[in-house]
2 protein chains.
Amino acid sequence: MNLTESIKRPSLHEELVERLRNLIVEDVLKPGIKVPEKELCDAFGVSRTPLREALKVLASEGLVELLANRGARVTRVTLEELENTFPVIAMLEQLAGERSCQNLSDAEIAGIQERHDAMVKAYKARDRKSYFQANQDIHNALIAGARNQILETHHRMLAARVRRARFMVNVSEDRWAEAIQEHEQMMEKLHARDATALGELMKSHLMNKCAAHVKSMVEAADDAAQS
Amino acid sequence: MNLTESIKRPSLHEELVERLRNLIVEDVLKPGIKVPEKELCDAFGVSRTPLREALKVLASEGLVELLANRGARVTRVTLEELENTFPVIAMLEQLAGERSCQNLSDAEIAGIQERHDAMVKAYKARDRKSYFQANQDIHNALIAGARNQILETHHRMLAARVRRARFMVNVSEDRWAEAIQEHEQMMEKLHARDATALGELMKSHLMNKCAAHVKSMVEAADDAAQS
DNA sequence: TGACTGAATTATGAATTCATAATTACACAA
DNA sequence: TTGTGTAATTATGAATTCATAATTCAGTCA
């Protein structure tokens with residue numbers, strides 16, 4: 001038991017980074033909008049100092065951009081950003097897949113299988129919200145299985161940027177079915193503890209997801225141009 | 001040409017992040033030492049506000065750790081950190097190698113060859129400083145060749161953490177020769193524009209470097225325990 | 001002498017203040 | 001009406017101030 005943990009009271013700025021990050025990732029703070037410090041201060045009931053510290057950290061993560069003397073704005077999720085971010089995440093997940101095969105206990109794998117079953121169930125019920133949550137749980141568990149704090153931190157930063165894209169895209173029915181297939185294969189290799197195969201699968205799974213997102217965004221842009 | 005760039009005057013906290021990061025990476029601010037805000041403020045001639053903002057950012061990059069109500073300290077480079085960081089960098093460099101083969105112009109490749117020749121020359125002269133600089137230039141050029149800002153940013157963050165380790169290790173003569181060999185092969189594949197091969201080579205090059213560092217650190221620890 | 005207590009000092013977390021850059025509002029001219 | 005220039009307002013960057021937690025150090029007592 002870690003005794004220091006129980007006393008730990010996160011500082012204001014840490015708390016703010018956490019909450020602001022969630023607001024951005026959950027699309028409450030919309031991309032492109034200015035983030036007036038005053039409003040946020042009032043909303044959170046803190047002074048500008050810790051809030052600005054938090055904004056600096058979020059800027060270094062790429063969730064907001066700081067314009068000199070003109071405050072912060074939530075960064076837009078651009079096509080270019082998606083095309084750049086997904087391949088990097090794909091490499092990290094490949095590594096995670098390899099290591100997870102070596103590190104995860106049978107019990108942990110059983111837990112992931114459980115989430116996988118829940119995900120398939122949500123897919124059949126077309127319950128996007130539950131599906132998304134289960135999917136995220138699975139990926140996070142496989143990342144955690146690498147037992148690598150650095151990998152985990154950077155994956156979280158990158159995933160946060162990309163996760164926002166789900167509010168912009170309409171993944172096709174076909175791609176959804178395909179993703180389920182890919183996850184089935186991943187579970188197979190995980191049970192077989194085939195590290196190389198799972199790594200490759202996770203990498204290509206992410207690259208396919210990237211292609212689907214890009215396709216969907218391009219189509220959305222075309223539609224917008226047409227109207 | 002980007003017109004906004006020319007006007008850009010970095011804010012104090014950006015400047016401070018940059019300078020502090022350099023001080024840490026260059027081992028001027030030694031791992032483990034406390035970093036009293038007052039001293040740094042006096043040294044840089046700024047008030048505590050921008051300095052603390054900079055520390056928050058550096059903490060999110062893992063170069064310093066913030067202890068509640070007890071200030072910041074430069075993080076130690078641990079064996080575990082190296083073993084976690086190198087594989088992640090290796091994955092990023094694999095991706096960079098693949099993409100660089102596709103993206104770099106002949107002129108850019110010629111420029112890298114030039115740095116490579118300089119590196120070999122420095123190796124033969126046993127000029128560690130020049131060798132290190134040329135080596136870093138080559139890796140940075142190959143990362144830049146991926147034309148991926150996300151990849152570049154995360155690579156820079158990870159490389160900063162690991163770069164500090166060079167002050168702790170004494171790489172063996174054998175490993176040094178081996179590293180040169182690996183770089184020769186990399187150049188070969190780069191000229192041939194064999195993306196997959198260069199990616200694999202860069203990945204294994206990094207993993208070998210990791211093994212060498214770990215070996216050296218373990219030996220250093222053993223020596224310390226003996227005396 | 002050495003360990004403990006508690007006041008004094010110091011350093012940090014956060015709020016406030018100040019200076020300045022950016023934005024807005026508005027008057028006036030074309 | 002539209003555009004331009006200037007004053008007023010607002011928001012930000014940075015310094016300063018304030019409150020509190022941590023540390024230091026002196027003094028006491030065993």
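Atom set for the values below is all heavy atoms of this structure, side chains included, hydrogens, waters and symmetry mates excluded. Per chain, numbering begins at 1; letters A, B, ... match sequence-line order.
- Using cut-offs of 30° and 60° for the angle between ring planes, the B:H139 and B:H205 rings count as parallel.
- If you take NE2 of A:H13 and P of C:dT12, they are 15 Å apart, rounded to a whole angstrom.
- Nearest-nucleotide mapping onto DNA chain D: of A:E37 and B:S47, the residue sitting toward the 5' end is A:E37.
- Taking atom NZ of residue A:K56 and atom P of nucleotide D:dA14, one finds them 8 Å apart after rounding to whole Å.
- A:K38 places its NZ atom 14 Å from the C1' atom of D:dT9, with the value rounded to the nearest Å.
- The side chain of A:R52 approaches D:dT12 more closely than any other nucleotide in the set C:dG13, C:dA15, D:dT12.
- Between the CG atom of B:L51 and the P atom of D:dT16 there is a distance of 14 Å, given to the nearest Å.
- Around atom CD of B:Q136, more than 12 heavy atoms belonging to other residues, nucleotides or ligands sit under 6.0 Å away.
- Rounded to a whole Å, the CZ atom of A:R73 is 12 Å from the P atom of D:dT12.
- Listed nucleotides D:dA14, C:dA15, C:dG13 differ in distance to A:T49; the shortest reach to its side chain belongs to C:dA15.
- Neither OP1 nor OP2 of D:dA21 sits under 4.0 Å from any side-chain N or O of B:R70.
- Looking only at atom types and distance, the side chain of B:D137 has a donor-acceptor partner in the side chain of B:Q133 under 3.5 Å away.
- Cation-pi geometry between B:R19 and B:F44 is not met: the NZ or CZ atom fails to fall both under 6.0 Å from the ring centre and inside 45° of the normal.
- Atom CG in A:N69 sits roughly 10 Å away from atom P in D:dT12 (whole-Å rounding).
- Comparing C:dA15, C:dG13, C:dT17 by their closest approach to the side chain of B:R48 singles out C:dG13.
- Between the NZ atom of B:K34 and the P atom of C:dA11 there is a distance of 10 Å, given to the nearest Å.
- When the P atom of C:dA11 is taken as reference, atom CG of B:L67 falls 16 Å away, rounded to whole Å.
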